[in-house]
Amino acid sequence: MNGLVTVVIPTYNRAAVLKKALDAYGAQSPSGLIRELIVVDDGSTDNTRPMVEEAAGKCGFEVRYMRQPNSGPAAARNVGIREARGEIILFTDSDIVPRPDLVAQHARWHRENPVDVAGVLGYVTWPAEPKPTPFMKWLGEEGALFAYRELRNKREIGYRYMYTCNLSLKTNFLRTRGQFNEEFKGAAWEDIELGYRLSQEGLRLLYNRDAVGYHHQFFTFADLRRKAEANAAAKIVFARTAAGKQFATQQRVKRTGLRFQLAKSIALALGAVVRPAEAWLDSRVPLPAVVYRALYWVHVNWREEALRGRTKIAKTVVVDAQE
């Protein structure tokens, strides 16, 4: 295989940070590994198009701008899959700025693993500026955003780590074995759902810690809570899929276990105790990871558990009424 890469970037109203990403792809070393870069504009209302057209003139490869009505990143990535001319598709996000050797790292691993079913996950971390808070570091390593800490010293990983912010797959594998479910309109669960289907087709997902991208998005605890609320619709879609049903079965088993019930009780109790620490969540003062977990449980997981319980009760009432 020639190992040439098509970079696919879905974007929505992120022209400023997308420019940083495009400049960084234009400066990849060694050059010549990128066949093309496809920007799929998901209905942006800012100056994304003229910025991309201007940046394209500075790159040593073709930059293709495509636009679709606002339909979500799943649909945008499918545009990239259909249009890609490279043997490898590197999926990333418009706020991920690659390290100078990111493309080379992906390309090398694919040359060493040329079978169609082999894919590569890279590592995403925060840039030096703006300096990430301790909460952000927790969030990116072992929090609700990414769980890279779990991948330390691992080479082959499960489909649940198919983070499309820094992920490469063979173009032919995607076109013949599965693409993104366009029912997902937001950036949540759509990559895991595809990962499950591809795993049924033999996907071998490898983890390359040296393929580094920098996530240029500043997160506060309030941002995380809003993100969790915005992901509710995607969870409903996910629950209807085969992946979601398997996940739900595993979660039911997990929730009935003594370990989960004990952890839940401790988290709720600890959450109440450490509530005063909320004022420090977005500060530069590092807090123990258990504090972040407890407060996340109280504000996000506990709300979901409560909603799930109310939904279950409501369904029971309806069934009783019908009987």
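The model shown is predicted, which means the values in this text are computed figures rather than measured ones.
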- Message: Given F247, which partner from the list Y159, W189, Y196 fulfils the ring pair (Phe, Tyr, Trp, His ring centres under 6.0 Å) test?
- Response: W189

- Query: Between F221 and F135, how do the two ring planes meet: parallel, tilted or perpendicular, split at 30° and 60°?
  - Reply: perpendicular

- Query: Going only through I, L, V, M, F, W and Y residues with side-chain contacts under 4.5 Å, is there a path from V124 to L224?
  - Reply: yes

- Do the side chains of M136 and V212 join up, straight or via other hydrophobic residues, at under 4.5 Å, putting them in one cluster? yes

- Task: Report yes if some heavy atom in the side chain of L206 is under 4.5 Å from a heavy atom in the side chain of I157; otherwise report no.
- Result: no

- Short question: side chain of S283, backbone of V285 - any donor-acceptor pair under 3.5 Å? yes

- Message: Between R197 and E193 (salt bridge meaning N to carboxylate O under 4.0 Å), is one present in this structure?
- Response: yes

- Query: Mind checking whether L203 and V117 have side chains closer than 4.5 Å, heavy atoms only?
  - Reply: no

- Shared ILVMFWY cluster between V103 and L22, side chains joined below 4.5 angstrom? yes

- Could you walk me through whether T164 and F180 pass side chain to side chain contact (heavy atoms under 4.5 Å, CB included), step by step? CA-CA 11 Å; T164 45; F180 291 90; 3.8 Å; yes

- With the side chain counted from C-beta on, respond yes when I38 and Y65 share a heavy-atom pair under 4.5 Å apart, and no when they do not. no

- Query: Do the side chain of S94 and the main chain of T11 share a donor and acceptor less than 3.5 angstrom apart?
  - Reply: no

- Test item: side-chain donor near acceptor, D210 and Q105, under 3.5 Å: no

- Message: Is a donor from one side chain sitting under 3.5 angstrom from an acceptor on the other, for E182 and N78?
- Response: yes

- Going by distance alone, is a donor N or O of one side chain under 3.5 Å from an acceptor N or O of the other, for Y292 and E142? no

- Item | Chi angles and distances behind the side chain to side chain contact (heavy atoms under 4.5 Å, CB included) call for R67, V40 | CA-CA 6 Å; R67 183 178 174 86; V40 185; over 6 Å; no

- Do the side chains of E156 and L205 get nearer than 4.5 Å, heavy atoms only? no

- Quick one: are T6 and L90 in side-chain contact, heavy atoms under 4.5 Å? no

- Query: Would F219 and W138 count as a close aromatic pair, with their ring centres under 6.0 Å?
  - Reply: no

- Is it possible for you to say whether Y25 and V5 belong to one hydrophobic cluster, with membership spreading through side-chain heavy-atom contacts below 4.5 Å? yes

- Do the side-chain N and O atoms of D42 and Q68 include a donor-acceptor pair separated by under 3.5 angstrom? yes

- Query: Got K131 and R284 here, is their nearest side-chain heavy-atom distance under 4.5 Å?
  - Reply: yes

- Taking R49 for its side chain and M66 for its backbone only, find out whether a donor-acceptor pair lies under 3.5 Å. no

- Task: Is it possible for you to check whether R204 lies under 6.0 Å from the centre of the six-membered ring of W109, through NZ or CZ, and within 45° of that ring's axis?
- Result: no

- Query: Counting only N and O atoms by type, is there a donor-acceptor contact under 3.5 Å from the side chain of S71 to the main-chain atoms of P69?
  - Reply: yes

- In the single-linkage hydrophobic clustering (I, L, V, M, F, W, Y; side-chain heavy atoms under 4.5 Å), do F91 and L194 co-cluster? yes

- Query: In terms of ring plane angle, is the pair Y163 and Y148 parallel, tilted or perpendicular, where the classes change at 30° and 60°?
  - Reply: perpendicular

- Backbone of Y123 reached by a side-chain donor or acceptor of N166 within 3.5 Å: yes

- In terms of heavy-atom contacts, S168 and H106 come closest through OG-ND1, 2.7 Å

- State whether K19 and E54 are salt-bridged, where the test is any N-O pair (Lys NZ or Arg NE/NH1/NH2 against Asp/Glu carboxylate O) under 4.0 Å. no

- Query: H215 vs W126 aromatic rings, parallel, tilted or perpendicular, using cut-offs 30° and 60°?
  - Reply: parallel

